[in-house]
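Presented below is the structure to which this report refers.
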Amino acid sequence: MKIAPSILSADFANLKDDVSVVEKAGAEYLHIDIMDGHFVDNLTFGANVVKALRKHSELVFDCHMMVDEPEKYITDLKNAGADIVGVHLEATPHIHRVLSQIKASSLKAEVVLNPGTPVMAAAEILPLVDQVLIMTVDPGFGGQAFIPETVAKVAELAAYKKEHGLDFEIEVDGGINAETIKEVAQAGATVAVAGSYVFNAKDPAMQIATLKEAAR
C-alpha cells in the first residue's frame, strides 16, 4: 500500500517541514487538495503551493482537484510540478475531454468518485486513467469519519479492473486510520490518503509506519 499524506491536515505555516517529515518516513505520494470554494465550500491550495513545495520534495505530487471547470487548472499544475491530476466525475460534463487533456500534458490522469457516485458511472473512461480515487468521505473537509459502505465500491472497482485487464491504481481518501486501511486494502485499494491521522499526531513518521503495517 502506498501512503499519501494529505497536507490539508498539515501545519500551513510549516508545510516544508511537514512534507520533509513524511517523505523521510517513507510516504510515496503527497496528496494536495485543491479546492475552489465552489465545487466544495472550502478554499485551499493552488498551483502556487505545488510550485513552492516542488523545490523541496521528490515525492509524487498527487493533486486532487475539487473545482468547477477543472480544465482551467491543468496547465498551471503541469508547470508547477504536479505528477498526478485528479478530476471529479461530478465536476464536469466532459470528463473524457478533461482526462485526455491531462494525459496530453504528460501527467497521470485520475478520476475521482464521490461516495454517492456508482463505480459504473466511470466505466467508459476507466481504460484512460492511471488512477481512480474512491472518496471514503464526502469531499471538502478533513477529519471526517470513514463511510463503511465505500468498501464495497473499492471491491467492485478492483473486480472490474481484474475482469477487464485494466491497469490503474485504486486510491481511497477520507477517514483512513490503522483500522480502516485494513478494510480497503483487503478490498483492493493500492493507495491510501491519510491526513489528520498522520499530521495531527505527535509522531507522523510512526503513524505512516503503522498504516503500512496494518495494510499488509
Side-chain angles (χ1 to χ4, degrees), residues 1-4 6 28-29 31-34 39-40 60-67 70-71 74 82-140 144-195 211-212 214-216:
M1 179 76 74
K2 297 174 182 175
I3 304 299
S6 170
E28 290 85 3
Y29 287 10
H31 194 78
I32 303 173
D33 289 305
I34 297 169
F39 181 71
V40 293
V60 172
F61 279 15
D62 178 23
C63 296
H64 172 195
M65 292 197 292
M66 286 168 268
V67 301
E71 61 275 7
I74 296 169
D83 296 296
I84 302 169
V85 172
V87 58
H88 274 259
L89 183 70
E90 308 85 5
T92 174
H94 307 295
I95 187 66
H96 186 280
R97 181 187 300 167
V98 178
L99 292 170
S100 297
Q101 184 181 347
I102 294 169
K103 298 283 282 187
S105 299
S106 299
L107 297 165
K108 289 189 175 180
E110 171 187 76
V111 65
V112 188
L113 304 179
N114 279 342
T117 301
V119 167
M120 287 301 98
E124 296 300 325
I125 51 86
L126 290 179
L128 183 64
V129 302
D130 302 287
Q131 187 161 282
V132 179
L133 172 53
I134 299 291
M135 293 299 299
T136 46
V137 298
D138 288 306
Q144 298 182 66
F146 182 86
I147 299 173
E149 292 79 9
T150 57
V151 176
K153 287 182 66 176
V154 174
E156 180 185 358
L157 178 61
Y160 187 92
K161 172 185 170 181
K162 181 177 180 181
E163 179 183 355
H164 293 271
L166 300 175
D167 182 22
F168 51 76
E169 300 276 10
I170 300 175
E171 186 174 42
V172 290
D173 181 4
I176 296 299
N177 56 39
E179 294 304 316
T180 55
I181 200 170
K182 294 178 184 178
E183 298 180 58
V184 294
Q186 291 172 357
T190 59
V191 183
V193 177
L211 289 173
K212 285 182 171 288
R216 290 179 179 173

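No hydrogens, no waters, no symmetry mates; every other heavy atom, side chains included, goes into these values. In this text, all values refer to a predicted model and were calculated from it rather than measured experimentally.
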All salt bridge (Lys or Arg N to Asp or Glu O under 4.0 Å) counterparts of Arg216, not counting sequence neighbours: Glu213

Shortest non-hydrogen contact from Val137 toward Ala145: CG1-O, 3.3 Å

Test item: Gln144 side-chain N/O and Asp138 main-chain N/O as donor-acceptor pair under 3.5 Å: yes

Those residues that, when tested against Lys2, pass salt bridge (Lys or Arg N to Asp or Glu O under 4.0 Å) (two or more places apart): Glu169

Identify each donor-acceptor pair in which a side-chain atom of residues 179-186 lies under 3.5 Å from a protein atom, sequence neighbours left out, and give them as a table.
from   : atom 1 : to     : atom 2 : distance (Å)
Thr180 : OG1    : Gly175 : O      : 2.9
Thr180 : OG1    : Asn177 : N      : 2.8
Thr180 : OG1    : Asn177 : OD1    : 3.2

Point-to-point distance, once rounded to the nearest 0.5 Å, from CG of Asp62 to NZ of Lys108: 10.5 Å

Min side-chain heavy-atom separation Ile102-Ser105 under 4.5 Å: no

Residues forming a side-chain hydrogen bond (donor to acceptor under 3.5 Å, both in side chains) with Lys212, sequence neighbours excluded: Glu28

Point-to-point distance, once rounded to the nearest 0.5 Å, from OG1 of Thr190 to CD of Glu171: 8.0 Å

Heavy-atom pair of closest approach, residues Leu211 and Ala194: CD1-CB, 3.7 Å

Partners meeting side-chain hydrogen bond (donor to acceptor under 3.5 Å, both in side chains) with Ser6 (sequence neighbours left out): Asp33

Any side-chain heavy-atom pair of Val129 and Leu166 under 4.5 Å: no

Any residue meeting side-chain hydrogen bond (donor to acceptor under 3.5 Å, both in side chains) with Lys103, in chain and number order, not counting sequence neighbours: Asp130

Test log, rule side chain to side chain contact (heavy atoms under 4.5 Å, CB included), inputs Phe146 and Val172: CA-CA 10 Å; Phe146 182 86; Val172 290; 5.9 Å; no

Within-4.5 Å side-chain heavy-atom neighbours: Val87 and Leu99: yes

Exam field: side chain Thr136 to backbone Gly174, donor-acceptor pair closer than 3.5 Å: yes

Qualifying salt bridge (Lys or Arg N to Asp or Glu O under 4.0 Å) pairs, either residue in residues 82-99, two or more places apart: Arg54-Asp83

Sequence-distant partners of His88, ring pair (Phe, Tyr, Trp, His ring centres under 6.0 Å), two or more places apart: Phe39, His64

Within-4.5 Å side-chain heavy-atom neighbours: Val85 and Met65: yes

Ring pair (Phe, Tyr, Trp, His ring centres under 6.0 Å) contacts in which one or both residues fall within residues 161-194, not counting sequence neighbours: Tyr160-His164

Atom pair CD1/OG of Ile125 and Ser100 - distance to nearest 0.5 Å: 9.5 Å

Salt bridge (Lys or Arg N to Asp or Glu O under 4.0 Å) against Lys161, all qualifying residues, sequence neighbours excluded: none

Ala152: side-chain contact (heavy atoms from CB on, under 4.5 Å) partners, not counting sequence neighbours: none

